[in-house]
Amino acid sequence: MNKYVVVTGGTSGVGLSIVKDLLKYKFKIIIIGRNAEKGKYIQHQLGENIIFVSGDLSNEEQVKNISFKIKSITNNIYALILSHGIFPNNAIENINNNFLSHYLLSKELGSVLHKNKILIVTGNPNAVISLPICENQNNTIERLSWELTHKTMLMIYLSNIFEKYEITVNSFYPGDVKSNLMPYTQSLPEKEVNVASTLILESEYNNKTGNFYNNDGSKVKLNSKYNFDNAVKIMEYYTSKK
C-alpha cells in the first residue's frame with residue numbers, strides 16, 4: 001500500500017531537499033508549488049513517485065482547490081510537511097504566505113490525516129526562544145521575528161486542536177540549508193535535510209505532539225510564552241480578519 005506524504009514548497013530550497021530525502025523511503029510524494037513549469041520539471045526529474053499539484057497557498061480559494069485535488073489522489077496522508085514560505089515585503093504577505101496558509105491547509109486536509117503527522121518547518125531555535133512575541137511588522141527584522149514566533153504559536157495551537165483526532169503536530173529546524181529564500185541562504189553549502197524523515201519514521205517520535213525539534217532530532221525546550229492560551233489569542237485575532 002502506498003504511503004503519501006504532502007510537501008508544500010517542494011519544488012525548491014528546503015522543501016525540495018526534504019522531498020529528495022523522503023524518496024529514499026519509497027513514499028509517494030505530493031508536492032505543492034506555485035510554478036507549474038518548475039513543478040513539472042521536478043516531477044520529470046525525480047520520477048514516478050512524485051505528484052505535482054499547482055496552486056497559491058496564500059489564496060484561501062486555491063487552498064480549497066488544492067486540498068480537493070489531493071483528496072482525489074488519496075484519502076490517507078501519512079504526513080503533511082509545511083515547508084513553503086516567502087521573504088515578505090510587508091505584513092500582509094507575511095501573514096498570508098507564512099502563517100495563515102499553513103493553518104488553512106492543515107484544516108482542509110485534517111480529514112485525511114487521521115492518526116498521522118503534521119510538521120512545520122521553522123527557524124533557528126535560539127531565535128525562536130529569544131525573540132519576543134510582538135505584532136509589529138514595520139521592517140524586515142520585525143517581519144522575520146513575527147514569522148518565527150507565530151509559526152511556533154501555530155504549532156502549539158494545531159497540536160491542541162488536532163489531538164482529539166490523534167494527529168500529531170510538531171515543528172522543526174531544518175538547519176542552515178541552501179535556498180533562494182534570503183540572500184544569506186543562497187550561498188550556504190548544505191543541501192540535505194534528513195530530520196523530516198527522522199521525525200516521520202523513527203518510533204521514538206510516535207504520539208509526540210506540540211514539540212519543536214532541532215535539525216538533529218533533539219527536542220528544543222520552549223519557554224513559557226509559548227502556551228495554548230497565547231496561541232488561541234493570536235489565532236483568533238488573525239483568523240477573524242479573514
Side-chain angles (χ1 to χ4, degrees), residues 1-10 14-32 49-51 67 70-71 73-85 102-125 128-129 148 151-175 177 192-224 226-228 231-232 235:
M1 181 178 175
N2 291 321
K3 287 186 176 181
Y4 286 86
V5 175
V6 175
V7 182
T8 67
V14 170
L16 180 56
S17 295
I18 291 170
V19 168
K20 289 178 177 178
D21 181 60
L22 289 173
L23 281 174
K24 302 173 188 174
Y25 305 98
K26 310 302 181 184
F27 287 111
K28 288 279 189 181
I29 303 173
I30 301 170
I31 60 175
I32 303 171
N49 285 330
I50 298 294
I51 302 164
S67 301
I70 291 171
K71 290 175 184 177
I73 296 167
T74 179
N75 61 2
N76 186 18
I77 296 171
Y78 189 69
L80 168 62
I81 302 176
L82 300 165
S83 69
H84 67 284
H102 296 64
Y103 166 71
L104 292 170
L105 187 63
S106 298
K107 187 173 69 169
E108 288 291 331
L109 293 180
S111 61
V112 290
L113 273 162
H114 184 59
K115 294 187 177 181
N116 287 320
K117 304 171 177 70
I118 298 173
L119 294 173
I120 301 173
V121 175
T122 186
N124 188 287
V128 172
I129 291 168
L148 292 182
K151 274 187 178 179
T152 306
M153 283 297 194
L154 176 62
M155 180 271 289
I156 298 293
Y157 179 80
L158 291 177
S159 69
N160 277 267
I161 67 168
F162 279 130
E163 189 172 15
K164 63 183 176 182
Y165 304 109
E166 299 179 70
I167 299 170
T168 63
V169 185
N170 297 290
S171 58
F172 70 94
Y173 173 52
V177 181
E192 293 187 4
V193 178
N194 53 35
V195 62
S197 60
T198 298
L199 296 175
I200 290 171
L201 294 168
E202 295 294 329
S203 60
E204 66 182 279
Y205 301 102
N206 290 347
N207 305 314
K208 299 290 195 310
T209 194
N211 296 323
F212 176 30
Y213 294 99
N214 212 332
N215 61 320
D216 61 358
S218 60
K219 182 180 174 181
V220 177
K221 185 176 181 180
L222 294 171
N223 41 30
S224 60
Y226 292 111
N227 62 71
F228 184 58
V232 168
M235 292 307 303

**OP:** Fit a plane to each ring of Y213 and Y205, take the angle between them on a 0 to 90° scale, and name the class: parallel (under 30°), tilted (30 to 60°) or perpendicular (over 60°).
**Re:**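 Rings of Y213 and Y205: perpendicular, as their planes differ by over 60°.
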Compare all side-chain heavy atoms of [X] with those of [Y] and state whether any distance is below 4.5 angstrom.
X    : Y    : value
N160 : V232 : no
L148 : Y173 : no
N227 : I156 : no
T152 : F212 : no
N76  : N116 : yes
L23  : I50  : yes

Taking all heavy atoms of [X] and all of [Y], pick out the closest pair and write down the distance.
X    : Y    : result
V19  : G10  : CG2-O, 4.0 Å
A231 : M153 : CB-O, 3.5 Å
K219 : N211 : CE-OD1, 3.3 Å
T168 : K208 : CB-O, 3.3 Å
S83  : G15  : OG-CA, 3.3 Å
I167 : G110 : CD1-O, 3.6 Å

Within this structure, what is the [atom1]-[atom2] distance for the pair [X] and [Y], rounded to the nearest 0.5 Å?
X    : Y    : atom1 : atom2 : value
K3   : I29  : NZ    : CD1   : 13.5 Å
L222 : I129 : CG    : CD1   : 6.5 Å
I73  : I51  : CD1   : CD1   : 5.0 Å
I81  : I200 : CD1   : CD1   : 3.5 Å
N49  : L22  : CG    : CG    : 11.5 Å
L158 : L82  : CG    : CG    : 8.5 Å

**OP:** Kindly determine whether F228 and Y157 satisfy side chain to side chain contact (heavy atoms under 4.5 Å, CB included), including the steps that lead there.
**Re:** CA-CA 6 Å; F228 184 58; Y157 179 80; 3.9 Å; yes
Original post:
How far apart are the C-alpha atoms of I32 and I70, what are their side-chain angles, what is the distance that settles it, and do they pass the side chain to side chain contact (heavy atoms under 4.5 Å, CB included) test?
Top reply: CA-CA 10 Å; I32 303 171; I70 291 171; 3.8 Å; yes
**OP:** Determine, stepwise, if the pair V128 / Y226 fulfils side chain to side chain contact (heavy atoms under 4.5 Å, CB included).
**Re:** CA-CA 10 Å; V128 172; Y226 292 111; 3.6 Å; yes
**OP:** Go through the steps to decide whether N170 and S159 satisfy the test side chain to side chain contact (heavy atoms under 4.5 Å, CB included), and finish with yes or no.
**Re:** CA-CA 7 Å; N170 297 290; S159 69; over 6 Å; no
**OP:** For a side-chain hydrogen bond (donor to acceptor under 3.5 Å, both in side chains) with S218, tell me which candidate from N214, N215, D216 qualifies.
**Re:**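 Result for side-chain hydrogen bond (donor to acceptor under 3.5 Å, both in side chains) with S218: D216.
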Original post:
Above 12 or not: heavy atoms from other molecules or residues under 6.0 Å from NZ of K71?
Top reply: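 Yes.
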Subject >> Within 6.0 Å of CG in N207, more than 12 heavy atoms from elsewhere >> reply: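 At most 12 heavy atoms, drawn from other residues, nucleotides or ligands, come within 6.0 Å of this atom.
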Original post:
Between H114 and Y165, is there a donor-acceptor pair closer than 3.5 Å when you use the side chain of the first and the backbone of the second?
Top reply: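 Yes, H114 side chain to Y165 backbone: donor-acceptor pair under 3.5 Å.
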